[in-house]
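The structure appears right after this line, and notes come after that.
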Amino acid sequence: MPVRALLTRLLSMLITLLGVAVIVFFVIRVVPGNPIAMMLPPGAGEEDIARLKALYGFDKSLPEQFVIWVAGVLQGDFGTSISTRQPVLSLVLGRLPATIELAVMALVIAIVIGSVLALTGTRHRGTRTEGAIDVTNGMALSVPDFLWGLLLILLFGVLWPVFHISGRVSPALDLPFATNFYLFESVLRLRFDIWLDLVSHMFMPALALAIPLAAIIAQLLKQSLKETMHLDYVTLARTHGYGENRVITREALPNAILPTLTLVGVQFTFLIGGTVIIERLFSYEGLGNMAIDAVINRDLPLIQGIVILFALMFTLVNLIVDLTYALLNPRLRHG
């Protein structure tokens, strides 16, 4: 990607983040409800209300509040949570690793399932196997992820209880970790007992998130493979006596995967957003679950911090996808 194009993308990212900040700041203040009133016990006096308003800056006009908040964000200060009385940034960063690990695990599962379905459908194109795969993809897309979550809880948490249905890790385990990236750090420390416990908690919510994405990946990759299979270099490979499996995986797949790469990057951002409901459903201790609690408690500083962080992740993921696509696509790399 040329330097000028990269600078343009960075500028658009800043404008996007500013727009998100303006929208979330003013919209959540229009919603009925008084967060200060929720903090005070019954019978609190006007002096107590005025003191808390001054503490959280609610005694100033909305434009003044916005300017103060943005100035604090630029200095790394996202404010103080109304419900927990803790710094918003530390709360968000404490929950973020759990959500990232869940999203990455769901993405890996989706890529594996989607790729297997796409390669199988391409290998058996024009047969009943391809038709069965298309029907499976349609069923996976027609059911939202939270319904898949409920079905998985019923199947593997109640009828056949092989996975945990709530939480992130068993409370009885001693976690000797320096960070909140438990899954990654357990591998680095060779604590596979903890790793297995984490996976048993994460597998069902990750699978619920992965099923619709796997269907999208399978559909697009299979279509790209079918188009690539008619190109000249693939036909030439067949004339050299290569088997069908090698033609698909070694010749057609490297070129057919580029559109899928872009899709995976874009869908990954939606995957992170989808963790909000799934985390609540499985009582998973991630950022999405915290977001719902913040909305219920009308914790305005925490809501603002979570939304800005989600927006930042979305824009960064899209930028990384564009850069990766430009590196892998010779026409863009040399353009």
Side-chain angles (χ1 to χ4, degrees), residues 1-28 62-79 87-97 99-104 106-108 110-111 179-181 184 213 216-217 220-221 224 254-276 287-288 291 300-335:
M1 179 180 290
V3 176
R4 183 176 180 181
L6 178 59
L7 293 176
T8 303
R9 284 301 309 273
L10 293 175
L11 179 60
S12 66
M13 284 177 55
L14 293 176
I15 295 174
T16 300
L17 291 175
L18 179 60
V20 171
V22 171
I23 293 173
V24 68
F25 186 88
F26 288 99
V27 167
I28 62 176
L62 287 182
E64 288 179 307
Q65 292 181 40
F66 179 74
V67 171
I68 293 172
W69 176 65
V70 170
V73 168
L74 294 177
Q75 298 176 16
D77 181 11
F78 285 74
V88 169
L89 187 59
S90 63
L91 288 173
V92 170
L93 294 182
R95 290 289 190 97
L96 179 60
T99 296
I100 291 178
E101 288 186 340
L102 179 62
V104 170
L107 181 64
V108 171
I111 291 175
T179 69
N180 288 332
F181 287 98
F184 300 142
L213 179 57
I216 296 174
I217 292 174
L220 180 60
L221 183 57
S224 298
N255 287 283
I257 205 172
L258 284 178
T260 308
L261 173 65
T262 303
L263 173 77
V264 167
V266 173
Q267 290 295 322
F268 183 64
T269 59
F270 293 106
L271 189 69
I272 295 175
T275 59
V276 173
L287 195 59
L300 305 188
L302 187 54
I303 295 173
Q304 293 164 186
I306 293 174
V307 172
I308 289 298
L309 181 63
F310 270 122
L312 180 61
M313 286 192 296
F314 292 166
T315 53
L316 286 178
V317 168
N318 287 331
L319 178 62
I320 293 172
V321 170
D322 289 344
L323 292 175
T324 305
Y325 189 83
L327 289 174
L328 295 178
N329 193 328
R331 291 174 295 181
L332 296 178
R333 185 170 64 245
H334 301 296

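Not measured: the values here are computed from a predicted model. Both backbone and side-chain heavy atoms feed into the values below; hydrogens, waters and symmetry mates do not.
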So CG of Leu302 and CG of Leu89: to nearest 0.5 Å the spacing works out to 11.0 Å
Residues at least two apart in sequence or cross-chain that pass side chain to side chain contact (heavy atoms under 4.5 Å, CB included) with Leu96, listed by chain then number, are Leu93, Ile100, Leu287, Leu309, Met313
### Message
Please determine whether side-chain contact (heavy atoms from CB on, under 4.5 Å) holds for the pair Gln304 and Leu300, giving the CA-CA distance in whole Å, both sets of side-chain angles, and the decisive distance to 0.1 Å.
### Response
CA-CA 6 Å; Gln304 293 164 186; Leu300 305 188; 4.3 Å; yes
**Request:** Report yes if the side chains of Leu213 and Val264 come closer than 4.5 Å at any heavy-atom pair, otherwise no.
**Result:** no
Hey, what's the ring geometry for Phe314 with Phe310, parallel, tilted or perpendicular (30° and 60° as the breaks)? tilted
Residues 65-79, side-chain donor-acceptor partners within the protein, below 3.5 Å, at least two apart:
| from | atom 1 | to | atom 2 | distance (Å) |
| --- | --- | --- | --- | --- |
| Gln65 | OE1 | Arg29 | NE | 3.4 |
| Gln65 | NE2 | Lys60 | O | 2.7 |
| Asp77 | OD1 | Gly79 | N | 3.0 |

When rounded to the nearest 0.5 Å, the distance separating CZ of Phe184 from CD of Glu101 is 5.0 Å
Ala311 and Val20 have their tightest heavy-atom pair at CB-CG1, 3.9 Å
Sequence neighbours excluded, the answer for side chain to side chain contact (heavy atoms under 4.5 Å, CB included) partners of Ser224 is Leu220, Ala256, Pro259
Exactly one of Ile23, Val24, Ile28 clears side-chain contact (heavy atoms from CB on, under 4.5 Å) with Val307, and that residue is Val24
Residues Leu10 and Leu319: closest non-hydrogen pair is CD2-CD2, 3.8 Å
Asn180 and Gly94 have their tightest heavy-atom pair at ND2-O, 3.0 Å
Subject >> Atom CZ of Phe270 with >12 non-hydrogen neighbours under 6.0 angstrom >> reply: no
Smallest heavy-atom separation, Phe25 atom then Leu62 atom, equals CE2-O, 3.6 Å
Taken in chain and number order and not counting sequence neighbours, the residues that satisfy side chain to side chain contact (heavy atoms under 4.5 Å, CB included) with Leu312 are Leu17, Thr315, Leu316
The side chain to side chain donor-acceptor pair (under 3.5 Å) partners of Thr260 (sequence neighbours excluded) come to none
For Ala291, the side chain to side chain contact (heavy atoms under 4.5 Å, CB included) test, sequence neighbours excluded, returns Ile306
